[in-house]
Protein chains: 2
Amino acid sequence: MTVRKDDYSGRRIRSVTIAFNIIEVLQERNHVGVTELADELDHSKSTIYSHLQTLRERSILVQEDNGYRLSLRLLDMANSVREQIGNYDVISSEVDKLAEETGEIAQFGIEEHGRTSYLYKATGEQAVETRSRVGIQQPMYSTSLGKTILAFMPSSRTEEIVESIEYTSFTSQTVTGPQELYAELDVIAKRGYGIDDEENIEGLRCVAAPVKREDTVLGAISITGPSSRFTDERIEELSEHVKRAANVIELNTKFS
Amino acid sequence: MTVRKDDYSGRRIRSVTIAFNIIEVLQERNHVGVTELADELDHSKSTIYSHLQTLRERSILVQEDNGYRLSLRLLDMANSVREQIGNYDVISSEVDKLAEETGEIAQFGIEEHGRTSYLYKATGEQAVETRSRVGIQQPMYSTSLGKTILAFMPSSRTEEIVESIEYTSFTSQTVTGPQELYAELDVIAKRGYGIDDEENIEGLRCVAAPVKREDTVLGAISITGPSSRFTDERIEELSEHVKRAANVIELNTKFS
DNA sequence: AATGCTGTTCCCCTCTAGGGAAGATTATTT
DNA sequence: AAATAATCTTCCCTAGAGGGGAACAGCATT
């Protein structure tokens, strides 16, 4: 297996960075004008203007009366990403089912550059609000999805990631270093599912099961809920649900 | 109302163009390497490499064993776009309903830079295959969605668009110029719904109703199907369906 | 061990692209 | 309606960004 570096080496292209800064601003707030963007990103109006024209020509954004906004073109890109991941339909339908039958939050995540990225999320009837969102990243060591993925990927890759992590304690329960994490991963590997016991967010617990494929993991599927409802017994019970869902997804992964 | 130019003036940023060329290649095919991209886009490996590192740092793409692929970050962007459009939930549920009750393809589109962009698509039981896809653009003058939107937007904007169109005949029925188009728009405005009678694709007919808001149009909702099933009577019948769906969406558009 | 792939780094030189400022256009004010 | 103040857009100058070539490094295959 090729050794991947998760640090960022090499040169950066400044104008590309500027372009994505613009896109990021537009992601948070639409109908922004040239002047406003120039002020916010600390560039001259002419610079921003040229960028906007470039992005506009590429149909990344549209110009409307009251400013620029991101275009639907991005929806097409997102679709391509979903298709490339493969098995999106099975995954989403299993996550939906899980959310419905448990009433909680169900999610599917994969590893990207040593972090957990959410591919799909469904919220059940009594689900709590969380800040997790499709497409964003979270640390691997503080989430059930991340730890579960780590526990089942080829050990060479697991080590790469574990060693490159900078550990930050989000709560008093957060794993604080490699040794502790390795121990936890062992437990998960043996038990077959991973738990997040208020390690990422105070008051929230999760259970996750890996979706395996040959000698590696495609991702993991999880359920999240408030500690009040997520007793040890309930978690064990829920672990059966996630394992079953994971299994269904695995069975539908013959090709791709 | 501000006069918008739909032609592309001003300077372009070359490196941003290169970056999006890379993204476009990656959209069609994942796990592409540096060398391959350099060949395909006709740039040196070092150039492509720097770009890839930049995009990687921005989490636009991920580097895996067998090459680069677009990251889930794009799903997050797509979500922002949907949120910015507003009323996405009502729109998608109405389109779903429409597809289900008619068994055909139902779509919702908006205008972007004088073209029709698809925001949402649902396919019913007996739906035919089409190349339309969420996020992509089609001409306004050859689609029921586009013509319907044109028919109900402020006339100043309609003119701007109609005049800037370059007319291409996709089928023998395609509208061929401004005069013909204006006449058609009049009919649509009076009738309350628009029709595409094999004007965009041979063998396909569509009906669309506008989703209005104050003095302008948010977009339009349509049903598409094979001419064999879409007799004039059926179309008139279906027009009621789309008008009803459009109305439901309108009623849910108080804010935003 | 040798060859042929990849990805990565280095350096040079050109011309890109960022910035300032002035000109257009539209909006707001009086 | 004229005047003012915002925008957006264009133009030009010049520093340094970034594209390219080539050499290097790391794997894989033979």
Side-chain angles (χ1 to χ4, degrees), chain A residues 1-23 25-26 29-58 60-69 113 154 156-157 160, chain B residues 1-23 25-26 29-58 60-69 113 154 156-157 160:
Chain A
M1 173 179 244
T2 313
V3 176
R4 264 171 308 179
K5 304 206 287 182
D6 283 323
D7 61 315
Y8 300 106
S9 61
R11 188 176 38 163
R12 296 302 114 86
I13 308 295
R14 189 149 99 100
S15 23
V16 174
T17 305
I18 296 174
F20 279 98
N21 283 337
I22 292 176
I23 291 174
V25 173
L26 254 39
R29 161 167 54 96
N30 58 6
H31 296 306
V32 185
V34 180
T35 313
E36 203 177 340
L37 279 164
D39 286 349
E40 181 142 351
L41 299 173
D42 205 33
H43 283 288
S44 72
K45 284 196 283 181
S46 63
T47 301
I48 298 294
Y49 183 70
S50 302
H51 275 275
L52 287 171
Q53 291 310 311
T54 309
L55 294 172
R56 186 172 104 116
E57 190 178 53
R58 283 316 205 117
I60 300 304
L61 39 84
V62 269
Q63 188 175 18
E64 296 188 335
D65 294 341
N66 37 4
Y68 291 83
R69 66 162 177 79
H113 284 156
S156 59
R157 179 70 185 137
E160 261 176 46
Chain B
M1 170 176 243
T2 312
V3 176
R4 265 171 308 181
K5 303 207 288 185
D6 283 323
D7 61 315
Y8 300 105
S9 61
R11 190 174 39 159
R12 296 301 115 87
I13 308 295
R14 189 149 98 101
S15 25
V16 174
T17 305
I18 296 175
F20 279 98
N21 283 337
I22 293 176
I23 291 174
V25 173
L26 252 40
R29 161 166 55 95
N30 58 7
H31 296 307
V32 185
V34 179
T35 313
E36 204 177 338
L37 280 164
D39 286 349
E40 183 141 350
L41 299 173
D42 205 34
H43 283 288
S44 72
K45 283 197 288 177
S46 63
T47 300
I48 298 294
Y49 183 71
S50 302
H51 275 275
L52 288 172
Q53 292 309 312
T54 309
L55 294 172
R56 186 172 103 116
E57 191 179 50
R58 285 314 207 115
I60 300 304
L61 39 85
V62 270
Q63 186 174 18
E64 296 188 333
D65 295 341
N66 37 4
Y68 292 83
R69 66 161 178 79
H113 284 157
S156 59
R157 178 72 184 137
E160 261 177 47

Which residues share a side chain to side chain donor-acceptor pair (under 3.5 Å) with B:T54, sequence neighbours left out: none
Residue-phosphate contact under 4.0 Å: A:Y49 side-chain N/O, D:dC8 OP1/OP2: no
Atom pair distance, as rounded to whole Å: CD1 in B:I48 and C1' in D:dG20: 12 Å
A:R14 side chain vs A:R12 backbone, donor-acceptor pair below 3.5 Å: no
Do any side-chain atoms of residues 40-48 of chain B form donor-acceptor pairs under 3.5 angstrom with protein atoms, and if so which ones, sequence neighbours left out?
| residue | atom | partner | partner atom | Å |
| --- | --- | --- | --- | --- |
| B:E40 | OE1 | B:R29 | NH2 | 2.7 |
| B:E40 | OE2 | B:R29 | NH2 | 2.9 |
| B:S44 | OG | B:S46 | OG | 3.1 |
| B:S44 | OG | B:T47 | N | 3.2 |
| B:S44 | OG | B:T47 | OG1 | 2.9 |

Rounded distance in Å - CG (A:N66) to P (D:dC8): 11 Å
Chi angles and distances behind the side chain to side chain contact (heavy atoms under 4.5 Å, CB included) call for B:L26, B:L55: CA-CA 12 Å; B:L26 252 40; B:L55 294 172; over 6 Å; no
Side-chain N or O of A:Q63 closer than 4.0 Å to phosphate OP1/OP2 of D:dT9: yes
Qualifying residues under salt bridge (Lys or Arg N to Asp or Glu O under 4.0 Å), relative to B:R69, sequence neighbours excluded: A:E112, B:E64
Partner set under side chain to side chain donor-acceptor pair (under 3.5 Å) for B:N66, not counting sequence neighbours: B:H31
Those residues that, when tested against A:N30, pass side chain to side chain donor-acceptor pair (under 3.5 Å) (two or more places apart): none
B:F20: ring-ring contact (aromatic ring centres under 6.0 Å, His included) partners, not counting sequence neighbours: A:F20
Residues in contact with DNA chain C, drawn from residues 29-46 of chain A - heavy-atom cutoff 4.0 Å: A:H43, A:S44, A:S46
Separation of atom OH in A:Y68 from atom C1' in D:dT9, rounded to whole Å: 9 Å
Euclidean distance, atom CD1 of residue A:I22 to atom C1' of C:dG18 [Å, nearest integer]: 12 Å
Relative orientation of the end axes in the helix from C:dA1-D:dT30 to C:dT30-D:dA1, expressed as an angle to the nearest 10° (five pairs per end): 50°
Nearest-Å distance for atom pair CD/P, residues A:E64 and D:dC8: 14 Å
Quick one: which protein N/O atoms are closer than 3.5 Å to N/O atoms of nucleotides 14-18 of chain D? Pair and distance per line, please.
| residue | atom | partner | partner atom | Å |
| --- | --- | --- | --- | --- |
| D:dG18 | OP1 | A:R14 | N | 3.1 |
| D:dG18 | OP1 | A:S15 | N | 2.8 |
| D:dG18 | OP1 | A:S15 | OG | 2.7 |
| D:dG18 | OP2 | A:R14 | N | 2.6 |
| D:dG18 | N7 | A:R11 | NH1 | 3.3 |

Steps toward side chain to side chain contact (heavy atoms under 4.5 Å, CB included) verdict (B:R56, B:V62): CA-CA 6 Å; B:R56 186 172 103 116; B:V62 270; over 6 Å; no
